[in-house]
Protein chains: 4
Amino acid sequence: MSLQSSAKDQLRTIVSRIERLEEEKAALATDLREVYAEAKGNGFDVKALRTVIRLRKLDETKRREEEAILETYLHALGMDKVEPEGESEAA
Amino acid sequence: MSLQSSAKDQLRTIVSRIERLEEEKAALATDLREVYAEAKGNGFDVKALRTVIRLRKLDETKRREEEAILETYLHALGMDKVEPEGESEAA
Amino acid sequence: MSLQSSAKDQLRTIVSRIERLEEEKAALATDLREVYAEAKGNGFDVKALRTVIRLRKLDETKRREEEAILETYLHALGMDKVEPEGESEAA
Amino acid sequence: MSLQSSAKDQLRTIVSRIERLEEEKAALATDLREVYAEAKGNGFDVKALRTVIRLRKLDETKRREEEAILETYLHALGMDKVEPEGESEAA
DNA sequence: CTGCCATTTTACCGGC
DNA sequence: GCCGGTAAAATGGCAG
């Protein structure tokens with residue numbers, strides 16, 4: 001056998017965890033599909049709906065990209081790693 | 001405005017539900033990535049692991065069909081029946 | 001043999017065409033790498049550069065998404081399929 | 001402004017060159033997609049075709065290593081040596 | 001049944 | 001030289 005018995009156990013555990021998580025994800029995908037189907041039943045255009053969702057996600061992506069490049073520039077200028085100046089929690 | 005206010009409320013609700021579900025899905029995707037990362041840290045080959053997961057959910061019949069087609073193509077190209085220990089040079 | 005000899009020839013042709021195109025693509029990837037390397041040599045921050053490129057692509061993506069949703073709405077209102085009235089692109 | 005005007009010009013040049021190369025790459029990607037689509041239209045199994053291409057560029061040694069690891073995992077999970085003609089259902 | 005879109009997987013590139 | 005992250009390719013699922 002090429003795997004120690006402990007490794008085999010580990011492998012089985014890993015596989016189980018993965019399959020469990022994938023099941024949950026699949027369940028959410030089903031929920032999503034149902035929401036779209038229901039929306040369609042109420043007269044909404046599903047394609048437009050999807051486009052709206054995509055646009056909203058795109059806005060967020062762009063916002064993050066802009067922050068990323070700002071940080072890169074600050075870094076290039078040696079101005080990054082500035083401490084947030086005050087914590088929200090009691091340090 | 002082209003949407004009745006009740007339709008607008010419905011739309012908002014739908015968008016919220018969808019984005020909520022997508023967030024949860026994203027969280028699961030993160031968990032999954034962590035499991036793979038942890039497995040890798042414990043010395044497992046992530047790519048092989050993914051293949052195992054894939055094979056486990058692949059119906060046996062489909063699996064054989066896929067293999068059969070692949071073999072046909074490899075054969076047509078003279079790439080099948082690779083000698084188990086042969087050398088590539090000076091054939 | 002499971003493939004007609006004409007099919008075998010077709011297969012070989014297809015494989016050749018694909019491999020040729022992939023070679024060309026790989027060559028372009030090399031060129032790209034060189035451009036980045038040269039830029040780095042001239043003092044540019046490669047990471048920032050990549051982010052700039054990404055942002056510019058994102059802008060275009062968003063523009064397209066916006067057009068897509070506009071079209072969807074026009075379609076929903078029965079106003080689509082309007083002939084382009086000459087050429088639309090360029091500038 | 002934080003960049004000398006010469007640097008700005010350089011930057012513009014670099015960005016142009018990169019975007020030009022990426023355009024060409026995208027064009028090749030389109031060509032590739034068309035070849036696969038055409039092959040599909042002629043009755044070839046695209047997935048298998050892709051596998052063939054992949055195997056052709058995979059070094060033989062690496063190929064064997066990958067297979068060996070996969071088999072080890074399948075064995076550990078009791079999934080190896082699938083009987084060549086067994087039925088899963090009681091016909 | 002086909003085509004399109006989203007997701008997932010793979011490979012590359014840069015940084016440590 | 002290895003690891004992590006980012007972008008590209010590929011597969012699978014959904015809608016029309």
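Chain naming here is simple, since letters A, B, ... match the order of the sequence lines and numbering starts at 1 in each.
Across the protein-nucleic acid pair, B:L58 atom CG and E:dT9 atom P stand 14 Å apart, rounded to whole Å. Between the C1' atom of F:dC14 and the NZ atom of A:K40 lies a distance of 10 Å, rounded to the nearest Å. For B:Y36 and E:dT7, the OH to C1' distance is 14 Å, given to the nearest whole Å. Between D:D31 atom CG and F:dA8 atom C1' there is a gap of 16 Å when expressed in whole angstrom units. Taking atom CD of A:E22 as the reference point, atom C1' of F:dT11 lies 14 Å away to the nearest angstrom. Protein atom CG of A:L32 is 8 Å distant from nucleotide atom P of E:dT7, rounded to whole Å.
Minimum atom distance to the side chain of C:K57 is reached by F:dA8, of the listed E:dT7, F:dG12, F:dA8. If you check F:dG16, E:dA6, E:dG14 against the side chain of A:R54, the one that comes closest is E:dA6. Among the nucleotides F:dG16, F:dC14, E:dT7, the one closest to any side-chain atom of A:R33 is F:dC14. Which of E:dT7, F:dT11, E:dC13 sits closest to the side chain of D:K47 comes down to F:dT11. Side-chain proximity of A:R50 to E:dC13, F:dC14, E:dC5: nearest is F:dC14.
Considering C:E23, C:E24, C:E22 in turn, C:E24 is the only one that fulfils the salt bridge (charged side-chain N to carboxylate O under 4.0 Å, His left out) rule with C:R20.
Hydrophobic clustering (ILVMFWY, side-chain heavy atoms < 4.5 Å, transitive): B:V35 and B:V52 are in one cluster. In terms of hydrophobic clustering, with Ile, Leu, Val, Met, Phe, Trp and Tyr side chains grouped at heavy-atom distances under 4.5 Å, D:I69 and D:M79 are assigned to a common cluster.
Under 4.0 Å is where a charged nitrogen must lie from a carboxylate oxygen, and between C:R64 and C:E60 at least one such pair does.
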